[in-house]
Amino acid sequence: LITASGQTLFAPANSTDTGVGGKDGTLVLTGITTDLARPTASLTSAVIANTSSVNVQSSETGTAYLVNTSVTVSNLASITAAPDSQWNSVTISSANVNTSLAATGLADGTYRLYTVDAAGNLSAPSTNTVTINSAPTVSSIAYGTNDGNLAAGEMITLIVSLTEAVNVTGTPSLALNSGGTATYTSGAGTSQLTFTYTPAAGESAADLSTATTAALSCTITGVSGRVVTASSFDNINPSGSVAVDTSAPSVTSVTISGTDSNLAVGEVVTVTVGTSEAVSVTGTPSFAIAVGSNNRNAAYVAGASTSTSLVFRYTIVSGDSDSTGGITAGANAISGGTITDAAGNSLNTLNTTVSSGANAIVVDGNAPIVNSVVITGSDSNLAVGEKISVTVNTSESVNVVTTGGTPFFNIDVGGTTKQAAYVSGTGSLALIFEYTIASGDSDASGGITALANALNLNSGTIRDAAGNNLNTSTSAITAG
């Protein structure tokens, strides 16, 4: 019989009791082996990451359990009931032989080893402990303040957050997908490091991120003593989007045109500048042109421009002249205001040259004037039906248009104002006006006269070939 405190627990069928007088005797079990001995668990003290493993041993085959010391262990069930992050196990196939037990998924902390043999006996905890101290890693990278675009020379901040505070020795740097490098500036002793990046010419990226591999230049160590996982810096694209564009937009074409090919005062020269990419304009830039020997500035016209076609205009003023034809421009003709692409790169204005052969615009900013006025008659003693002729001589050939009205020249015949009407001379330097003596006209003293500014357009027009209006100022004509 198997007894405890004088009580019979059970009597196996294959047992015999050798006791006398009801006293317990020796238990003889046929074909049954009993195992009440606890196995011994052992491991070597170490500090590992939860991506690593530890060698463990047991004095008997069975199962080994690596258990966080925060778990109260009383039996096997107390181990397996704990959270998964607090224990891991491995089968022990050979006694007193190293077996690798993975720390995968275990939380940081101190761990001891327990083993359970085939009979279910639970060992005492191992004397040595293992500390799981996972290497710090990058949890995120964020952009500092930005407008979504980076030009050459424009700085941005990259804020690197890690899983623990770190110590920084030297000056770490981060390789970026733009081909550039961000340099460490601050954050040692904290879990947030700051790097700054200023793109150089030739660097570009559709969306700025760290390099795909080997982004971190040197070793960074956590305050726990473990080295930060370098690969955790690789291929991180911060939230949002920042494009790196260090290529300056350029001038691809310049076209100079006019209201027509023969420009007069008040008519317009238009300069159209094509760009290699979309640009934004602030302020009022100007485009320098040469009109004959005069340097003039065509002003930017926002309403007539697009993002890739900038329009500048200049209005011909009195004195402008280019009789040979061909308005020209030199290199770097654009000045004032700012013209930049989306990233902020300034327009390269070098390619703005326009040669004289590129257009044949003639500029005449000099209005024709009246050089002289001559009054003559059919003879020196005029009768009814005879004519007074007024010849207006101009500084250049002019064209007379009478569609709106016929110009006339006021003359004084014996104290009475008469109108000599235009009759001929268009396209020449001499315009002829005539008045026919009518009944009642009389000038006994002799001498037809005219007051100053006697020429009246009467809603007609008198202009030179460029379209400049005749300056109709005339001097007074006195008798004699």
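Since we're looking at a predicted model, the values are computed, not measured.
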Go through the structure and list residues passing ring-ring contact (aromatic ring centres under 6.0 Å, His included) with Phe408, not counting sequence neighbours.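 Testing Phe408 for ring-ring contact (aromatic ring centres under 6.0 Å, His included), a comparison that skips the adjacent residues, returns none.
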Check ring-ring contact (aromatic ring centres under 6.0 Å, His included) between Tyr435 and all other residues, then give those that pass, not counting sequence neighbours.
->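 With sequence neighbours excluded, Tyr435 shows a ring-ring contact (aromatic ring centres under 6.0 Å, His included) to no residue whatsoever.
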Can you find a pair of side-chain heavy atoms, one from [X] and one from [Y], that are under 4.5 Å apart?
X      : Y      : result
Phe233 : Thr210 : no
Asn348 : Asn351 : no
Thr51  : Thr104 : no
Leu106 : Leu66  : yes
Tyr143 : Ser241 : no
Val400 : Tyr422 : yes
Phe433 : Leu431 : yes
Val90  : Val56  : yes

Nearest non-hydrogen partners of [X] and [Y], listed with the distance:
X      : Y      : value
Pro249 : Ser276 : CA-OG, 3.4 Å
Pro172 : Gly170 : CD-O, 3.5 Å
Thr449 : Ile477 : CB-O, 3.0 Å

Rounded to the nearest 0.5 Å, how far apart are OG of Ser247 and CG of Asn345?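 That separation rounds to 7.0 Å.
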### Task
Would you give the length of the straight line joining atom CG of Leu174 to atom OG of Ser217, rounded to the nearest 0.5 angstrom?
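Output value for this atom pair is 7.0 Å.
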- Query: Any idea how Tyr184 and Phe195 line up, ring-wise: parallel (<30°), tilted (30 to 60°), or perpendicular (>60°)?
  - Reply: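 Plane angle over 60°, so perpendicular.
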Quiz item: What residues form a salt bridge (charged side-chain N to carboxylate O under 4.0 Å, His left out) with Asp441, not counting sequence neighbours?
Solution: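 Result, salt bridge (charged side-chain N to carboxylate O under 4.0 Å, His left out) vs Asp441: Lys418.
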Quick check against the 3.5 Å criterion: does [X] have a side-chain atom that pairs as donor or acceptor with the backbone of [Y]?
X      : Y      : result
Ser191 : Ser161 : no
Thr185 : Thr194 : yes
Asn146 : Gly144 : yes
Asp245 : Ala151 : no
Ser305 : Val311 : yes
Trp87  : Asn68  : no
Thr352 : Asn332 : yes
Thr69  : Thr110 : yes
Asn366 : Ser318 : no
Asn410 : Gln419 : no

Just by distance, with hydrogens left out, do [X] and [Y] show a side-chain donor and acceptor under 3.5 Å apart?
X      : Y      : result
Ser70  : Gln86  : yes
Asn133 : Arg226 : no
Asn167 : Thr221 : no
Glu203 : Tyr197 : yes
Asn50  : Ser134 : yes

If you look only at pairs with a residue in residues 279-303, which of them pass as a salt bridge (charged side-chain N to carboxylate O under 4.0 Å, His left out), with sequence neighbours excluded?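 Passing the test, one end in residues 279-303: Arg296-Asp320.
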Exercise. Given side chain to side chain contact (heavy atoms under 4.5 Å, CB included), test Asn359 with Ile327 step by step and report yes or no.
Key: CA-CA 7 Å; Asn359 61 81; Ile327 295 176; 4.1 Å; yes
Run the side chain to side chain donor-acceptor pair (under 3.5 Å) test against Ser239 and tell me which residues pass, sequence neighbours left out.
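Partners of Ser239 by the side chain to side chain donor-acceptor pair (under 3.5 Å) criterion come out as none, since no residue qualifies.
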Return each pair, listed once, that meets side-chain hydrogen bond (donor to acceptor under 3.5 Å, both in side chains) where at least one residue sits in residues 375-397; pairs must be two or more places apart or across chains.
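For residues 375-397: Ser372-Asn393, Lys387-Thr436.
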| field | Residue pair Thr417, Asp412: steps toward the side chain to side chain donor-acceptor pair (under 3.5 Å) verdict | value | CA-CA 5 Å; Thr417 300; Asp412 184 286; 4.8 Å; no
Residues Ser100, Ser53; criterion side chain to side chain donor-acceptor pair (under 3.5 Å); working and verdict: CA-CA 6 Å; Ser100 179; Ser53 60; 3.2 Å; yes
Inspect the surroundings of CG in Leu451 and state if more than 12 heavy atoms from other residues, nucleotides or ligands are less than 6.0 Å away.
->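 No, not enclosed.
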